[in-house]
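Structure, as C-alpha cells:
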Amino acid sequence: MQIVSATSAFPKHYYRQEQLADALQEYWGDRLEKPDVFRRLHKNVGVEGRFLSLPIEVYPKLRGWGEANDHWIRVATELGQCAISRGLTSAGLDVRDIGALFFTSVTGISSPSIDARLINRMGLSPNVRRIPMFGLGCVAGAAGIARAADYVRAYPDQVAVILAVELCSLTLQREDMSMANLISAGLFGDGAAAVVVAGSERGLSGPKILDTRSVFYPETEEMMGWEVSEKGFRIVLSSDVPNLIHRQLGADVDKFLADLGHVREDVGSWVLHTGGPKVLQATAAALGLENGQLAASWECLRRVGNLSPASVLVVLEDVMKKRRPEPGTLGILAAMGPGFCSELVALEW
C-alpha cells in the first residue's frame, strides 16, 4: 500500500493575520469587550495569514447559515476538484482509476454529498465507491488515510482517494464571544487536500503504509466538536486538549510501534496535525521531539493556519515535496480530534 501523492488547493482570497484581526474587530464591534486580549490571541497562534472562501468584505453581509452553506457547497466542490486533479496528475493517473473516494468535512453539509457532485463534475467511474465522512474533525485526514489503506488492502489492484475540505471561515458565529470562538477565529483557515493511496498490485511508488491504529479515549466527547443550532456550528474547544495529548499520545505511539517491532527512537519522520501552538508543544513534549522534528507542522500552521483534517495532509504534501526522508526511513503520521481520539499511521519511506 503506497501513498503516491498528496496535493492541496486553496481559495484565491488570502489575507495576512493583521488584516483578519482588523476585519474581525470591526465585525464584532462593541461585543468585543477586550480588544487587546483578542489582538494578543491572534498574535500568539503562530499564524501569518490564511485563505478565505469569500472576499473578506462579504462575510458581514451573509444572511444566515443557509447562505453560508450554499457557499460551502460551491467552494468545496471547486477546491475538491482542483485538489484531486492535482493529485491524479502527480501520480500519473486518470479520474477513471479511482476505485474509492473518501470525502470528509465538518464545516458544511450537503446531500448529495460533495463526492457525488465530483463524480458528475469530473467524470469519475459510475462504479466508484463513495464514503462520505462527517464528524471526525481534525482527526479525519489521518483516519481517511487509514480507511483508504483498509480498502486497498482488500482490493490491491485499486486506487483510493481521500479528500478533505474545510471552509472554517463559513462557520463564524457573530453572537459567540466565548474564548473558544475568539481563538478559533484567529487559528482556523480554509483549504483542501487530497491523498492518493494505491494497492500493492498497481506498481506505483511512494511511502508504504505499514499499519494503522485507532485509539478512542472514553468519556471525552465534550472536549471538542460543534454545538449545532439554527445559526450553524458553534465551536466546542476545551483548554484541556493539550493536557490529554501530553498524557496519552506518547504511550499510544509507543504501543503501536512496539506491536510493529520498533521503538520511538527508530522513527525518522513525523507528519503530525498542526493543531495550534499549545497542541504542537504538547505533542513535542509527549513524544520527546526536538531539533526541528515538527518543523513541517509549524511551517504549515504559519502559512495557512489550522485546516482541521486537511492540515495533516498538507503537512504530508510538504514532507513529500520538500523534506522527503531517505528510502527505508520509518515514519509516523498522526492526528487527534473529536471523540476524543487519535489515528496513527506507520510509514516506510
Please list, chain by chain and in numerical order, all residues satisfying side-chain hydrogen bond (donor to acceptor under 3.5 Å, both in side chains) with [X], sequence neighbours excluded.
| X | value |
| --- | --- |
| D211 | none |
| R247 | none |
| N69 | none |

Contact check, side chains of [X] and [Y], non-hydrogen atoms, under 4.5 Å:
| X | Y | answer |
| --- | --- | --- |
| S113 | R130 | yes |
| H262 | V267 | no |
| I56 | H13 | no |
| V236 | E222 | no |
| K208 | S200 | no |
| P11 | L79 | yes |
| V197 | Q2 | no |
| R303 | V314 | yes |

| message | Evaluate D115 against L163 for side-chain contact (heavy atoms from CB on, under 4.5 Å), listing each step before the verdict. | response | CA-CA 9 Å; D115 44 284; L163 172 65; over 6 Å; no
Nearest 0.5 Å please: distance from the [atom1] atom of [X] over to the [atom2] atom of [Y].
| X | Y | atom1 | atom2 | result |
| --- | --- | --- | --- | --- |
| C300 | E317 | SG | CD | 8.0 Å |
| R264 | F256 | CZ | CZ | 14.0 Å |
| L313 | I3 | CG | CD1 | 9.0 Å |
| N44 | R40 | CG | CZ | 7.5 Å |
| F340 | M336 | CZ | CE | 5.0 Å |
| D252 | I245 | CG | CD1 | 11.5 Å |

Are [Y] and [X] connected into the same hydrophobic cluster when the rule is that any two of I, L, V, M, F, W, Y join if their side-chain heavy atoms are below 4.5 Å apart?
| X | Y | value |
| --- | --- | --- |
| I73 | L170 | yes |
| V75 | F134 | no |
| I162 | L333 | yes |
| W270 | L249 | yes |
| I114 | F51 | no |

| query | Can you tell me if D176 and S178 form a side-chain donor-acceptor pair at under 3.5 Å? | reply | yes
Whether the R234 and S229 side chains hold a donor-acceptor pair (N or O, under 3.5 Å, no angle test) is what I'd like checked. no
If every non-hydrogen atom of [X] is compared with every non-hydrogen atom of [Y], which pair is closest and at what distance?
| X | Y | result |
| --- | --- | --- |
| A148 | A160 | CB-CB, 3.9 Å |
| G135 | P338 | O-CB, 4.0 Å |
| V139 | A335 | CG2-O, 3.4 Å |
| S269 | T329 | N-CG2, 4.1 Å |

- prompt: Under 30°, 30 to 60°, or over 60°: which ring-plane class applies to F38 and H42, parallel, tilted or perpendicular?
  reply: tilted
(Q) Looking at Y155, I'd like to know if its OH atom is crowded, meaning that more than 12 non-hydrogen atoms belonging to other residues, nucleotides or ligands lie closer than 6.0 Å. (A) no
### Message
Looking at E175, I want to see if its CD is surrounded by more than 12 non-hydrogen atoms of other residues, nucleotides or ligands under 6.0 Å.
### Response
yes
Residue set satisfying side chain to side chain contact (heavy atoms under 4.5 Å, CB included) with M179, at least two apart, ordered chain then number -> L41, I183
Residues at least two apart in sequence or cross-chain that pass side chain to side chain contact (heavy atoms under 4.5 Å, CB included) with D22, listed by chain then number, are R39
CA sep, side-chain torsions, deciding dist, call: D259, K255, salt bridge (Lys or Arg N to Asp or Glu O under 4.0 Å): CA-CA 6 Å; D259 291 344; K255 188 176 187 308; 3.6 Å; yes
Taking distance alone, no hydrogens or angles, what donor-acceptor pairs closer than 3.5 Å link side-chain atoms of residues 87-95 to residues at least two apart or in another chain?
from: T89; atom 1: OG1; to: S85; atom 2: O; distance (Å): 2.9
from: D94; atom 1: OD2; to: R96; atom 2: N; distance (Å): 2.9

- prompt: Going through the distances and angles, do W28 and L172 end up as a side-chain contact (heavy atoms from CB on, under 4.5 Å)?
  reply: CA-CA 11 Å; W28 278 316; L172 185 65; 3.9 Å; yes
Exactly one candidate in V196, L124, L118 meets side chain to side chain contact (heavy atoms under 4.5 Å, CB included) with I84; the answer is L118
Let me have the donor-acceptor pairs involving side chains of residues 272-289, under 3.5 Å, with sequence neighbours excluded, atom names and distances please.
from: H273; atom 1: NE2; to: G275; atom 2: N; distance (Å): 3.3
from: T274; atom 1: OG1; to: S311; atom 2: OG; distance (Å): 3.1
from: T283; atom 1: OG1; to: V279; atom 2: O; distance (Å): 2.8

For residues 47-66, the salt bridge (Lys or Arg N to Asp or Glu O under 4.0 Å) pairs (sequence neighbours left out) are E48-R302, R63-E67
Applied to residues 182-206, the salt bridge (Lys or Arg N to Asp or Glu O under 4.0 Å) test, sequence neighbours excluded, yields D97-R202
Original post:
Between the side chain of R121 and the main-chain N/O of Q81, is any donor-acceptor distance below 3.5 Å?
Top reply: no
So ring pair (Phe, Tyr, Trp, His ring centres under 6.0 Å) across residues 223-253, not counting sequence neighbours, yields W65-F233, W226-F233
Exercise. Evaluate side-chain contact (heavy atoms from CB on, under 4.5 Å) for V263 paired with L257, printing each intermediate quantity in order.
Key: CA-CA 6 Å; V263 294; L257 288 169; over 6 Å; no
Practice task
Give the C-alpha distance, both sets of side-chain angles, the deciding distance and a yes or no for side-chain contact (heavy atoms from CB on, under 4.5 Å) between K231 and Q173.
Solution key: CA-CA 8 Å; K231 296 179 180 179; Q173 298 290 298; 3.8 Å; yes
Identify every side-chain donor-acceptor pair in residues 99-111 under 3.5 Å, counting partners at least two apart or on other chains, and give the distances.
from: T104; atom 1: OG1; to: M133; atom 2: O; distance (Å): 3.4
from: S105; atom 1: OG; to: W72; atom 2: NE1; distance (Å): 3.4
from: S105; atom 1: OG; to: T107; atom 2: N; distance (Å): 3.4
from: S105; atom 1: OG; to: T107; atom 2: OG1; distance (Å): 3.3
from: S105; atom 1: OG; to: V165; atom 2: O; distance (Å): 2.7
from: S105; atom 1: OG; to: E166; atom 2: OE1; distance (Å): 3.1
from: T107; atom 1: OG1; to: W72; atom 2: NE1; distance (Å): 3.3
from: T107; atom 1: OG1; to: E166; atom 2: OE1; distance (Å): 2.7
from: T107; atom 1: OG1; to: L167; atom 2: N; distance (Å): 3.0
from: S110; atom 1: OG; to: P112; atom 2: O; distance (Å): 2.5
from: S110; atom 1: OG; to: R117; atom 2: NE; distance (Å): 3.0
from: S110; atom 1: OG; to: R117; atom 2: NH2; distance (Å): 3.1

Validation: residues 342-349 side-chain donor-acceptor distances under 3.5 Å, sequence neighbours left out:
from: S342; atom 1: OG; to: Y217; atom 2: OH; distance (Å): 3.1
from: E343; atom 1: OE1; to: S214; atom 2: OG; distance (Å): 3.0
from: E343; atom 1: OE2; to: S214; atom 2: OG; distance (Å): 2.8

